[in-house]
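The first residue in the sequence is number 1, and the count goes up from there.
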Amino acid sequence: MAGSLGGMFSGQPAGPQPPPPGLPGQASLLQAAPGAPRPSNSTLVDELESSFEACFASLVSQDYVNGTDQEEIRTGVDQCIQKFLDIARQTECFFLQKRLQLSVQKPDQVIKEDVSELRSELQRKDALVQKHLTKLRHWQQVLEDINVQHKKPAEIPQGSLAYLEQASANIPAPLKPT
């Protein structure tokens, strides 16, 4: 699968990438992708950050605010965004390759991470179920209170107006949504 990822982006050779220089087995973003022009001490993360800043700067630049040629402005912004997306794809590819290496070298670690994620999802869903059960119990109690009120006709004062006054006094106020 690693071989199929190679060559996906322009300037990258097909096939597995050799490990970057440095400590053996250590993942490093300091190594530029082969074939991609980068300054000697630039990383993918640095480039991603600078391209994001360039996108943001192009959107708030005074040159674009004072400019009159909308097509030129649009082209410049589109180029900045495209560069950002390209570098984001390269960064994603780097992390996917590292994840693939980890899954091959330490499959038990990947299983532990999956189990941990599933446990946290179960806890979140259990909390949601408890929240709904609390609301359900509240509304069941409200309905029970209303049913009890209707089953006590002997305590209802004579006259239809008195009955309506008592019935409206016993209706609970609506709760604010949470």
Side-chain angles (χ1 to χ4, degrees), residues 1-65 67 70-139 175-178:
M1 173 145 183
S4 66
L5 292 176
M8 179 182 267
F9 303 109
S10 61
Q12 291 183 340
Q17 303 294 322
L23 297 175
Q26 180 182 11
S28 172
L29 287 177
L30 294 175
Q31 179 68 21
R38 291 202 172 92
S40 61
N41 59 356
S42 177
T43 67
L44 269 174
V45 174
D46 290 338
E47 284 192 32
L48 185 66
E49 182 180 5
S50 66
S51 66
F52 175 76
E53 289 171 355
C55 287
F56 190 70
S58 69
L59 294 172
V60 296
S61 174
Q62 278 295 54
D63 295 339
Y64 289 142
V65 172
Q70 292 295 322
E71 190 59 35
E72 181 180 331
I73 294 170
R74 181 173 290 131
T75 303
V77 170
D78 285 346
Q79 287 174 348
C80 287
I81 291 172
Q82 189 59 43
K83 180 181 178 189
F84 173 75
L85 292 174
D86 289 342
I87 295 173
R89 285 185 196 104
Q90 290 175 8
T91 305
E92 181 183 21
C93 185
F94 173 83
F95 284 109
L96 287 174
Q97 288 172 347
K98 293 302 173 187
R99 180 73 178 178
L100 181 63
Q101 288 175 356
L102 178 67
S103 69
V104 169
Q105 294 170 354
K106 298 182 181 183
D108 57 326
Q109 181 67 30
V110 174
I111 292 172
K112 286 179 185 177
E113 288 175 7
D114 289 344
V115 167
S116 175
E117 288 174 9
L118 289 172
R119 283 187 180 142
S120 65
E121 184 176 346
L122 277 174
Q123 289 174 347
R124 181 185 62 81
K125 288 183 178 181
D126 283 342
L128 186 62
V129 166
Q130 290 302 318
K131 178 182 171 184
H132 287 297
L133 284 175
T134 303
K135 287 182 179 182
L136 179 65
R137 286 185 196 111
H138 168 75
W139 287 110
L175 296 176
K176 293 182 181 177
T178 56

| request: Evaluate the criterion side-chain contact (heavy atoms from CB on, under 4.5 Å) for residue pair Lys98 and Phe94; output intermediate values, then yes/no. | output: CA-CA 6 Å; Lys98 293 302 173 187; Phe94 173 83; 3.5 Å; yes
| Would you call Ser103 and Leu100 a side-chain contact if the rule is heavy atoms closer than 4.5 Å? | yes
| said: Give me each pair satisfying salt bridge (Lys or Arg N to Asp or Glu O under 4.0 Å) with a member in residues 101-118, each pair once, sequence neighbours excluded. | reply: Arg99-Glu113
| Does Gln82 have any side chain to side chain donor-acceptor pair (under 3.5 Å) partners at least two apart in sequence or in another chain, and if so, which? | Asp86
| From Leu102 atom CG to Phe95 atom CZ, the distance as rounded to the nearest 0.5 Å | 13.0 Å
| Considering all heavy atoms, the nearest Thr43-Asp46 contact | OG1-N, 2.9 Å
| query | Does Val115 have any side-chain contact (heavy atoms from CB on, under 4.5 Å) partners at least two apart in sequence or in another chain, and if so, which? | reply | Ile111, Arg119
| Non-neighbouring partners of Phe56 that pass ring pair (Phe, Tyr, Trp, His ring centres under 6.0 Å), sequence neighbours left out | none
| message | Quick check: closest heavy atoms across Leu44 and Ile87, and the distance to 0.1 Å? | response | O-CG2, 3.9 Å
| said: If the condition is side chain to side chain donor-acceptor pair (under 3.5 Å), which residues does Glu121 pass it with, not counting sequence neighbours? | reply: Lys125
| request: Could you pull out all residues at least two apart from Ile81 that satisfy side-chain contact (heavy atoms from CB on, under 4.5 Å)? | output: Cys55, Val77, Leu85
| field | With sequence neighbours excluded, residues passing side chain to side chain donor-acceptor pair (under 3.5 Å) with Glu92 | value | none
| field | Value rounded to 0.5 Å, distance of CZ in Arg89 from CG in Leu96 | value | 13.0 Å
| query | Yes or no on side-chain contact (heavy atoms from CB on, under 4.5 Å) for Arg137 and Leu133, after CA distance, side-chain angles and deciding distance? | reply | CA-CA 6 Å; Arg137 286 185 196 111; Leu133 284 175; 4.0 Å; yes
| message | How long is the straight-line distance from CG of Asp78 back to NZ of Lys83, given to the nearest 0.5 Å? | response | 15.0 Å
| Approximate separation, where rounding is to 0.5 Å, of Ser42 OG and Glu47 CD | 4.0 Å
| query | Which distance, rounded to the nearest 0.5 Å, do you find between the CD of Glu72 and the OG1 of Thr75? | reply | 7.5 Å
